[in-house]
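Atom set for the values below is all heavy atoms of this structure, side chains included, hydrogens, waters and symmetry mates excluded. Quick note on labels: first sequence line is chain A, next is B, and so on, each numbered from 1.
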Protein chains: 2
Amino acid sequence: MDKTKEVLHINGNFIEGQQQSKEWITLSLLYLMETKAYSDIKVTEIAKKSGLARQTIYRNYEDKDDILYDYLCHQFNFFDDRIKERQLAEADVLIAFFEMWKEFLPASLLYNIQLSDRKIRQIIYRSLEYFVQYKYTAYFIAPQASIGEMHYYVFRSLSSALHGILIEWSLQHYEQSPEQIGKLTYQLTDSIRQYCIEHTIP
Amino acid sequence: MDKTKEVLHINGNFIEGQQQSKEWITLSLLYLMETKAYSDIKVTEIAKKSGLARQTIYRNYEDKDDILYDYLCHQFNFFDDRIKERQLAEADVLIAFFEMWKEFLPASLLYNIQLSDRKIRQIIYRSLEYFVQYKYTAYFIAPQASIGEMHYYVFRSLSSALHGILIEWSLQHYEQSPEQIGKLTYQLTDSIRQYCIEHTIP
């Protein structure tokens, strides 16, 4: 519990007041996931753990998946802020991404990835798609640029490759260093970035 | 039903006698999937439809997922045989792969992909991983070659990218031609093949 709490505080995306219930809800879900498979957790249990009414949860989130998706997107925004602060480029962006994933991923989420919970993997995939499309591409193409009608496929292939590697690395208990895995990912996805650069419509 | 039956016959991987029950089981599952979500289909229903005992199904397959996985692997073997016969190379291998996916994918499977059935997507992913690792890599590295300790990540990223594109293309009702999508996939995955070629241990 302390670890995940710390993560959310360092993260700093959950602001005071209005956002306080969101933080409680997220912490409760992550806490429950420490001992229980994500798919088996009911919204009622999250309500009980957080001391909030079920309707408060549904006022803040569409459903349980939305809590986790929102949390992961916040984490990735936070990763992105730190990468920008450090003015990283090229392979270093991905190395930092893997470093932070290893450092900040709550044990409960890692535990659920290892349980082979398909739902968890799908939510991680969706949040990575968000990261790739709205954050990561800014490191190699102009922010307002479009990459033409094939952009769905390009973002999908990049998100899918990143997801495949991230899940495998997590399953292998981070056997390789973030530097090794970040460099490898950078190498393997080089032609996708090249495609984006060559097909950018300003 | 006729369409899927035809596919399996053209496929030619389901041989007479011993394999006849497997064909009946597969056809029954695909037929049931035409009107029902894959996840909702019970093995009892497959048994009823095929006129076989539940225990005959379990003698041939571990579970329901195994029926679909086995079917898809057979299809990919068949694709691979045709690609080899035509002596294709480079981007043409992938173009032919997408052509055959469009031509031979049963309507019931496409319908289930469009239902966003997560289980279906996972089984397709696993069968693509089989195809990539045991069939597709032979088009650019020597058959007995190994690509070192990072090979898990390399195969995963290639299978994931191919899967992401294939699912998106199916969801978009094959809007682009197999040639367009095959060429795009070839371009996007170029650095993965390059990595394999450079890191091959003979």
Side-chain angles (χ1 to χ4, degrees), chain A residues 39 65 91 94 98 116-126 128-129 132-133 147-172 174-177 180-199, chain B residues 39 65 91 94 98 116-126 128-129 132-133 147-172 174-177 180-199:
Chain A
S39 298
D65 295 349
L94 290 173
F98 284 101
S116 298
D117 193 309
R118 279 197 309 283
K119 193 71 206 182
I120 287 282
R121 293 188 187 189
Q122 190 222 2
I123 300 168
I124 294 172
Y125 175 78
R126 283 202 293 123
L128 281 172
E129 211 171 42
V132 163
Q133 189 157 2
I147 48 159
E149 51 147 354
M150 299 300 236
H151 70 276
Y152 284 120
Y153 298 108
V154 177
F155 291 144
R156 265 212 175 239
S157 60
L158 188 49
S159 315
S160 300
L162 184 57
H163 181 251
I165 293 169
L166 201 60
I167 295 291
E168 185 65 34
W169 190 52
S170 307
L171 287 174
Q172 293 200 18
Y174 310 128
E175 206 190 312
Q176 294 78 13
S177 70
Q180 272 182 301
I181 210 79
K183 272 188 184 165
L184 176 70
T185 307
Y186 187 73
Q187 244 177 311
L188 296 175
T189 55
D190 198 45
S191 44
I192 305 180
R193 280 184 305 276
Q194 277 311 312
Y195 183 93
C196 290
I197 293 164
E198 283 160 25
H199 291 77
Chain B
S39 298
D65 296 348
L94 290 173
F98 283 101
S116 298
D117 193 310
R118 279 196 309 282
K119 193 72 204 179
I120 286 282
R121 292 187 187 190
Q122 191 222 0
I123 300 167
I124 294 172
Y125 175 79
R126 283 202 292 122
L128 281 172
E129 212 170 42
V132 163
Q133 189 157 2
I147 48 160
E149 53 147 352
M150 300 300 237
H151 71 277
Y152 284 120
Y153 297 108
V154 178
F155 291 144
R156 265 213 174 235
S157 60
L158 188 50
S159 314
S160 299
L162 184 57
H163 181 252
I165 293 169
L166 201 60
I167 295 291
E168 184 65 32
W169 189 53
S170 307
L171 287 175
Q172 294 200 18
Y174 311 128
E175 207 190 310
Q176 293 79 12
S177 70
Q180 272 183 299
I181 211 78
K183 272 188 184 166
L184 177 70
T185 307
Y186 187 73
Q187 245 178 308
L188 295 175
T189 55
D190 198 45
S191 43
I192 304 180
R193 280 184 304 277
Q194 276 311 313
Y195 183 94
C196 291
I197 293 163
E198 283 160 25
H199 291 79

Task: Closest non-hydrogen atom pair, A:Ser160 against B:Gly164 - done: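 Taking A:Ser160 first and B:Gly164 second, the nearest heavy atoms are OG-CA, 3.6 Å.
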Where does [X] contact chain A at under 4.5 Å (heavy atoms): side chain, backbone, both or neither?
X        : answer
B:Glu168 : both
B:Leu184 : side chain
B:Leu158 : neither
B:Tyr153 : both

TODO: Against chain A, work out which of B:Gln172, B:His163, B:Glu149 has the most heavy-atom pairs shorter than 4.5 Å and name it.
DONE: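 Of the options given, most contacts go to B:Gln172.
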Open item on the list: Using heavy-atom distances under 4.5 Å, tell me whether A:Thr189 contacts chain B through its side chain, its backbone, both, or neither.
Closed with: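 For A:Thr189, backbone heavy atoms alone lie under 4.5 Å from chain B.
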Open item on the list: At a 4.5 Å cut-off on heavy atoms, which part of A:Ile192 comes close to chain B: side chain, backbone, both, or neither?
Closed with: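 When you check distances to chain B, atoms from both the backbone and side chain of A:Ile192 fall under 4.5 Å.
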Open item on the list: Tell me whether the count of non-hydrogen atoms from other residues, nucleotides or ligands lying under 6.0 Å of OH in A:Tyr186 goes above 12.
Closed with: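 Atom OH in A:Tyr186 is crowded, with more than 12 foreign heavy atoms closer than 6.0 Å.
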Open item on the list: Around atom NZ of A:Lys119, are there more than 12 heavy atoms from other residues, nucleotides or ligands closer than 6.0 Å?
Closed with: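 More than 12 heavy atoms, drawn from other residues, nucleotides or ligands, come within 6.0 Å of this atom.
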Open item on the list: Could you tell me if the side chain of B:Gln194 sits less than 4.5 Å from the side chain of A:Gln187, heavy atoms only?
Closed with: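 The answer is no; the side chains never approach within 4.5 Å.
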- [ ] Taking the side chain as every heavy atom from C-beta outward, state whether B:Arg118 and A:Arg121 have any pair of such atoms under 4.5 Å apart.
- [x]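 B:Arg118 vs A:Arg121: side chains apart.
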Open item on the list: Nearest 0.5 angstrom please: B:Met150 CE to A:Leu188 CG, how far?
Closed with: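 Rounded to the nearest 0.5 Å, the CE-CG separation comes out at 8.5 Å.
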TODO: Please answer whether the main-chain N or O of A:Ser191 pairs with a side-chain N or O of B:Ser191 as donor and acceptor at a distance below 3.5 Å.
DONE: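 Between the backbone of A:Ser191 and the side chain of B:Ser191 there is a qualifying donor-acceptor contact (under 3.5 Å).
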Task: B:Ser177: side chain to side chain contact (heavy atoms under 4.5 Å, CB included) partners, not counting sequence neighbours - done: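 Listed in chain order: B:Glu179, B:Gln180.
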